[in-house]
Q: 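This is the structure I want to talk about, given as structure tokens.
Naming: A, B, ... by sequence-line order, numbering from 1 per chain.
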Number of protein chains: 2
Amino acid sequence: MGKILENKPACLHCNAVIHSVFNVLDNEQLEDLNKHKTCSSYKKGQYVFNELGMPNGLYCINTGKIKLSTTGFDGKEQILSLVKEGEILGYRALIADERYHCSAVAIEDSSICIIDKSYFNSTIIKNNKLLIEIVKKVSGDLKLAENHLVSLSQKNVRERLAEALLFIKATYGCLEDGATLNVTLSREEIADYVGTSTESAIRLLSEFNHDKIIELIGKKIKILNLQLLIKTANLND
Amino acid sequence: MGKILENKPACLHCNAVIHSVFNVLDNEQLEDLNKHKTCSSYKKGQYVFNELGMPNGLYCINTGKIKLSTTGFDGKEQILSLVKEGEILGYRALIADERYHCSAVAIEDSSICIIDKSYFNSTIIKNNKLLIEIVKKVSGDLKLAENHLVSLSQKNVRERLAEALLFIKATYGCLEDGATLNVTLSREEIADYVGTSTESAIRLLSEFNHDKIIELIGKKIKILNLQLLIKTANLND
DNA sequence: GATTAAACCTGCCCAATATCATGTTTTAAA
DNA sequence: TTTAAAACATGATATTGGGCAGGTTTAATC
């Protein structure tokens, strides 16, 4: 459990709202939403929820970055997705009233709002526009998962790593220099997204560094040659 | 395009309805639905829709079997899912009003109902219960995709092939003998689901056959030792 | 029934990548 | 500050599984 914040951010003034499924709510509805939530802070590495747990509310990331992962067959972790502020989490388990089947872990200190399960079931689920937004959101997630799946099935590790760096850039963006990825992931985490061994991820990152595609600055990754990275990823869309 | 059937099956008497998202509709609504659809037949191998096309309605499989696949990077096919009667197709592209991003191909002769796009947009999408069913449906699809993804990422070809056979059994069931899979897929199609080469799929099926896990009878596959198949798949749930 | 094409099968070789081992650097904790 | 523990790095080796080649069987077409 995260640490509950005394002064929770107001939905009405939340910057994340316009990019979230809640963009279809009017001010009154946002005020109402605000009354039925709490907000907690999570330290880097802390679990927001675990794949074995039952849902007790709808999570909405206020600030911070979260990874969604699942534990595979000999305990190996697979990162399914990386998410940022404005994204909702745990809606699937909530609607189907079943266990989460992936875990959510903070990859940096984050603050997350939790909307009451009862409010969700009594009110949100009655709102047509919002439901359509949720369908669109799940559909988008499915599309991403399927693309990831095809890459895992058909691309080699080098291509997948390049693709992963582009995905990270697309998700979290860059620092002010417009090239350094705005997130710190361990080599193991990168490997767990790419679906390879930590050693292979390290080796290939070194290669990319040597080939001047990227520059490794401590744990930060700077993209030096975006065109070459895209070419290395062998994208077709 | 499939061949339009003169005497389309009535939704009210459709056996597939209770297992589909339409189970929440009452008789009156089913009658109404029936008025806004056509039904076409598709021969084995025929495209129901192509990943490049725009949606013109919601597809609902009346009888038959369909594969959902996408074309990867050097034209290699990836089968994303296998579906049967009662399943709806193409809802994502319809709701988001964008191109399909996978193709649907009949793997045996099928008859499929197509519900008008305008009816979908004007009526279905206003039905809250139905929307919730659709959210549950997409969520289930996403869960399947994620499981497939983890397998592709972490399991070897032997394990994935065993898992694929179990997936086929779970999806299409068996013939009267309770052991022979009730579908005919080519080795290439199996490989395209498993994410391996056709040769590897053939080789491993022969091994399974030799090890008495399965028996290959022409193009039919009979599961001789389900326990061993499950063990080979290395499932953890 | 003859001909052709597609699907299926098997052996061989090799590249990609996992695994193991060992060392170094960075970070965290005492 | 010292110590311990992660995280990172790189070389050596083993294994998986892909690709090619050449075959056979099955299915489709004339």
Q: Calculate the interatomic distance between A:K220 atom NZ and C:dT26 atom P; express it in whole Å.
A: 17 Å
Q: Any salt bridge between B:D211 and B:K231, counting N to O under 4.0 Å?
A: no
Q: Rounded to the Å, how far apart are A:K155 NZ and C:dT17 P?
A: 13 Å
Q: How would you list all residue pairs meeting salt bridge (Lys or Arg N to Asp or Glu O under 4.0 Å) that involve residues 37-51 of chain A, not counting sequence neighbours?
A: A:K43-A:D109
Q: Nearest whole angstrom, please: distance from the C1' of D:dT25 to the CD1 of B:I202.
A: 12 Å
Q: For the side chain of B:S153 and the backbone of B:V150, is there at least one donor-acceptor N/O pair under 3.5 Å apart?
A: no
Q: Of all heavy-atom pairs between A:I66 and A:S110, which one has the smallest distance, and what is that distance?
A: CD1-OG, 3.9 Å
Q: Starting at atom CD of A:E159, determine the distance to atom P of C:dT17, rounded to an integer number of angstrom.
A: 9 Å
Q: Measure CG/B:D192 against P/D:dG18 and give the value in whole Å, please.
A: 12 Å
Q: Which nucleotide in the set C:dC8, D:dG18, C:dT19 lies at the smallest distance from any side-chain heavy atom of A:E199?
A: C:dT19
Q: Checking all strands, does A:S186 fall into the base, sugar-phosphate, or nothing category for heavy-atom contacts under 4.0 angstrom?
A: sugar-phosphate
Q: Under 4.0 Å, counting only non-hydrogen atoms across every strand here, what does B:S206 touch: a base, just sugar-phosphate, or nothing?
A: sugar-phosphate
Q: Distance check: side-chain N/O of B:K219 vs OP1/OP2 of C:dC8, anything under 4.0 Å?
A: yes
Q: Please determine, for the side chain of B:S200, which listed nucleotide (D:dG18, C:dA16, C:dA18) has the closest atom?
A: D:dG18
Q: I want to check one thing: is the phosphate of D:dG18, taken as OP1 and OP2, less than 4.0 Å away from some side-chain N or O of B:T196?
A: yes
Q: Take the protein atom CD1 of B:I217 and the nucleotide atom P of D:dT26, then report the distance between them rounded to whole Å.
A: 14 Å
Q: Given the ring of A:Y91, does A:K137 sit roughly above its face, with NZ or CZ under 6.0 Å from the centre of the six-membered ring and within 45° of the axis?
A: no
Q: On DNA chain C, check which nucleotide each of B:R203 and A:G195 is closest to and give me the residue with the more 5' one.
A: B:R203
Q: Rounded to the nearest Å, what distance is computed from the CD atom of residue A:E77 to the P atom of nucleotide D:dA7?
A: 12 Å
Q: Tell me: CD of B:E188 to P of D:dG19, nearest whole Å?
A: 13 Å
Q: How is A:R158 classified with respect to the nucleic acid when contacts are heavy atoms under 4.0 Å: base, sugar-phosphate, or nothing?
A: nothing
